[in-house]
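What follows is a short report on a single structure.
We name chains A, B, ... by the order of the sequence lines, and we start the count at 1 in each one.
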Amino acid sequence: MRPISGAFKRPRLYFKGHKNVKDATSTVRVRFAPSPTGHLHIGGARTALFNYLYARHTGGVFILRIEDTDRERSKEEYTAAILASMAWLGLEWDEGPLFQSKREGLYQAGIDRLLAEKKAYRCYCSTEELEEKRKLAEANKQKPMYDGTCRDKDLPARDAPYVVRFRSHNSGVTDFLDLIKGRIVFENKELDDLIIRRSDGSPTYNFTVVIDDMDMGVTHVIRGDDHVNNTPRQIQIFEALGYPVPAFAHVPLMLGPDRSRLSKRHGAKSMTEYIDEGYLPEAMVNYLARLGWSHGDQEIFSIAELIEKFDIADVGKSAGVFNPEKLEWLNAHYIKESDPKALAGRLLPFIEARGYGSPDAPWLARAVVTLQERSKTLVEMAEMGGFYFTDEIAYDPKAAAKFLTADVAAPFRALAERFGSVSPWETGAIEAAFAEVIEGLGLTLAKLAQPLRVALTGKTVSPGIFEVIEVIGRDRVIERIGRAVAFIEGNEKK
RNA sequence: GACCCCAUCGUCUAGUCUGGCCCAGGACACCGGCUUUUCACGCCGGCAACAGGGGUUCGAAUCCCCUUGGGGUCGCCA
């Protein structure tokens, strides 16, 4: 094989004929395997997305597997949340969800087989002993590894707690061709004998992964970079079991603003939180895809385009920092591009959550049109448009002091009077009527627009005043102007 | 500490494999300007990077080596 060094691209050329690379004619089968010990976070979502895109791009199969072998920390509510988040993102899986907790027999059979073939052995070392040795190694600045005390003793099962360890090679190397990073080599002496069955009898991660990937016919393992170090161990297990080794693609991690692994501390939020904050799945998918993957200078991708263009060869090798501003920009972009009716449907729950009731859909779509180009999230949209959804608008004190002054009372009355006969009730006619009134009074548009905005919305910032007038509706507008006049006159008496 | 990986604007990245088209392109953010009934949107412009050092070569962001920096992993978690 040609030596691989330095810059690395086009893996398929390099990988042709390598043992752990599937030939292009077999059907691609990939899987996303979250563990239900927490919500789906942004990094996991990206891994899921890459798997999904690769499956769809190649016409392959996308499998969802729930790795719930940690009985202490796994919770059903997390499984439900992960499934819901994936559905929100539009990442439909073809097979599953399969639960490892329901496949216990498969793992036990595999372990027993390895034990019978002496490729695994019983180890009676206690946790305390191990912990002590680990500390000692650390104190000596050595890599903490199991020292192989029970490795060659061929100990039988007896009435004492024991674990089963995988007997790994202790010389030579284990290497693989990572579809993203290229050839990665490990000295086998760096690998210790990992536990594959706990003393309570349950199988461990590194073993269940191998069994499942084999059983499910997984051809490409696309997962986070943090699994690179598990790979040589898993390869050895595949080989010990006599199974073909799948291809691996380790996606670089997503980092926080301080360049360390993204964690809750940096605001690494769950998908659920982004949903609640009013992000659109299109924006999230687009953002996630572009963090680590690129296609020339293109920034905006529909899901169909991603499926068409996504290739593991175009995934970068270095870790990327999560950038909330760019996500926000994309969200604003997709809000602007959305069909108003569809967007109104998505906005509705946010309006209801704020106690504004459930506005009529066609009317809400009209309000949405005026809000689209100035909202970055659906939350912002619901808040900004509050004056549409309730008549209990509160005047911003500063705005009222500045614009709801005695001199606008008379023009307001004239406006209300004139609005009573505007027909049809739409921005063009409204604007014409407004122009008529200010002309008659010798005022300018600028002079009266802001006070009116405050009267109608309570604020100095809003969509275009004529659109606002149209959408709020004739009766409510006249009502609000009347209330503003009363407010002004009330102030005068003081 | 050991092992593994990575290294282009503040951030995401194009360009690196197949050296010259790159005194490095796009996007976010930021800063100006234009537009304007407010705020936005939009448009125009600006700021800003090949980590350092050696090689190889007529020529290196691109190939090689070293250094430095960053990240990951070292669990009866996954």
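- Aromatic ring pairs are classed by plane angle as parallel below 30°, tilted from 30° to 60° and perpendicular above 60°; the pair A:Tyr274 and A:Phe322 is perpendicular.
- Of the candidates B:C5, B:A27, B:A40, B:C5 carries the atom nearest the A:Ile184 side chain, counting heavy atoms from C-beta on.
- Comparing the P positions of B:C47 and B:G19 gives a spacing of 32 Å, expressed to the nearest Å.
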Quick one, A:Lys402 with A:Val454, criterion side-chain contact (heavy atoms from CB on, under 4.5 Å). Give me CA distance, side-chain angles, the key distance, then yes/no.
CA-CA 10 Å; A:Lys402 187 168 177 194; A:Val454 176; over 6 Å; no
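- Among the atoms of the strands shown, none is found under 4.0 Å from any heavy atom of A:Lys447.
- Proximity of A:Ser462 to the phosphate of B:U38: no side-chain N or O atom is located under 4.0 Å from OP1 or OP2.
- For A:His333 and A:Tyr287, the ring centers are positioned 6.0 Å apart or more.
- Searching all strands for a Watson-Crick or G-U wobble partner of B:A14 with both distances below 3.5 Å returns nothing.
- Proximity of A:Arg261 to the phosphate of B:U73: a side-chain N or O atom is located under 4.0 Å from OP1 or OP2.
- Place A:Gln450 and A:Ala319 on RNA chain B by their nearest nucleotides, and A:Ala319 ends up nearer the 5' end.
- Comment: A:Asp314 does not engage A:Lys309 in a salt bridge, judged by the lack of any side-chain N to carboxylate O separation of less than 4.0 angstrom.
- Note on A:Ile465: a base of the nucleic acid sits closer than 4.0 angstrom, heavy atoms only.
- Under the Watson-Crick or G-U wobble criterion, with both distances below 3.5 Å, B:G1 is paired with B:C74.
- Checking B:C76, B:C3, B:C74 against every side-chain atom of A:Ser199, the shortest atom distance belongs to B:C76.
- Distance CG (A:Leu330) to C1' (B:U11): 13 Å, rounded to an integer number of Å.
- The C1' atoms of B:C9 and B:A14 are separated by 13 Å, rounded to the nearest whole Å.
- If you take atom P in B:C65 and the same atom in B:G1, they sit 23 Å apart, rounded to whole Å.
- Salt bridge present: A:Arg71 and A:Glu104 bring a charged side-chain N and a carboxylate O closer than 4.0 Å.
- Of the P atoms belonging to B:U37 and B:G32, the separation is 22 Å, rounded to the nearest Å.
- Atom CG of A:Leu253 and atom C1' of B:C4 are 12 Å apart (whole Å).
- Listed pair A:Arg134 / B:G75 meets the phosphate criterion, a side-chain N or O lying under 4.0 Å from OP1 or OP2.
- Straight-line distance from the CG atom of A:Leu456 to the P atom of B:C39: 18 Å, rounded to whole Å.
- Between A:Arg453 and B:C39 there is no side-chain polar atom (N or O) within less than 4.0 angstrom of OP1 or OP2.
- No contact: A:Val209 has no heavy atom under 4.0 Å from any strand.
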Go through the steps for A:Arg31 and A:Leu98 under the test side-chain contact (heavy atoms from CB on, under 4.5 Å), then give the verdict.
CA-CA 11 Å; A:Arg31 45 56 162 198; A:Leu98 289 113; over 6 Å; no
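- If you measure from atom CH2 of A:Trp293 to atom C1' of B:A14, you get 13 Å, rounded to the nearest angstrom.
- Contact of A:Arg374 with B:C41 (side chain to base): no donor-acceptor pair of N or O atoms is detected under 3.5 Å.
- If A:Val461 and A:Gly292 are placed on RNA chain B by their nearest nucleotide, the residue sitting closer to the 5' end is A:Gly292.
- The side chain of A:Asn206 lies closest to B:A78 when the candidates are B:G71, B:A78, B:A2.
- Searching all strands for a Watson-Crick or G-U wobble partner of B:A7 with both distances below 3.5 Å returns B:U68.
- Between the CZ atom of A:Phe186 and the P atom of B:C74 there is a distance of 12 Å, given to the nearest Å.
- Residue-level contact check: A:Thr127 touches the bases, meaning some heavy atom is under 4.0 Å from a base atom.
- Only the C1' atoms considered, B:U18 is 12 Å distant from B:C63, to the nearest whole Å.
- Minimum atom distance to the side chain of A:His227 is reached by B:A78, of the listed B:A78, B:U13, B:U11.
- Listed pair A:Thr69 / B:A78 meets the phosphate criterion, a side-chain N or O lying under 4.0 Å from OP1 or OP2.
- Checked for salt-bridge contact, A:Asp68 and A:Lys102 miss the test: no charged N lies under 4.0 Å from a carboxylate O.
- No N or O donor and acceptor, one from the side chain of A:Asp226 and one from the base of B:G72, sit under 3.5 Å apart.
- You'll find that the side chain of A:Val163 is closest to B:C76, out of B:U13, B:U37, B:C76.
- Note that A:Arg165 lies in the cation-pi zone of A:Tyr146, set by a 6.0 Å cut-off to the ring centre and a 45° limit from the axis.
- Checking B:G42, B:A2, B:U13 against the side-chain heavy atoms of A:Arg290 singles out B:U13 as nearest.
- When the nucleotides B:U37, B:G75, B:A40 are ranked by their closest atom to the side chain of A:Ala449, B:U37 comes out on top.
- If you check B:G42 for Watson-Crick or wobble pairing at under 3.5 angstrom, you find it paired to B:C34.
- A straight line from NZ of A:Lys326 to P of B:C28 spans 7 Å, rounded to a whole angstrom.
- The residue A:Pro252 sits apart from the nucleic acid: no heavy atom pair falls under 4.0 Å.
- In this structure B:A61 sits in no base pair that meets the Watson-Crick or G-U test at under 3.5 Å.
- Looking at the side chain of A:Lys181, the nearest of the listed nucleotides B:C5, B:A2, B:C76 is B:C5.
- A donor-acceptor contact under 3.5 Å links the side chain of A:Glu299 to the base of B:G26.
- Across all strands shown, A:Asp192 has no heavy atoms under 4.0 Å from either base or sugar-phosphate atoms.
- In this entry the distance linking CD of A:Glu380 with P of B:C41 reads 10 Å, nearest Å.
- Using a 4.0 Å heavy-atom cutoff across all strands shown, A:Lys143 reaches at least one base atom of the nucleic acid.
- Nucleotides B:A60 and B:G20 place their C1' atoms 9 Å apart, quoted to the nearest Å.
- Taking atom P in both B:U36 and B:G26, one finds a spacing of 29 Å when rounded to whole Å.
- The aromatic rings of A:Phe50 and A:Phe310 are tilted relative to each other, their planes meeting at an angle between 30° and 60°.
- Here the separation of B:U67 from B:G72, taken at their P atoms, is 22 Å to the nearest Å.
- If you take CG of A:Asp297 and P of B:A24, they are 16 Å apart, rounded to a whole angstrom.
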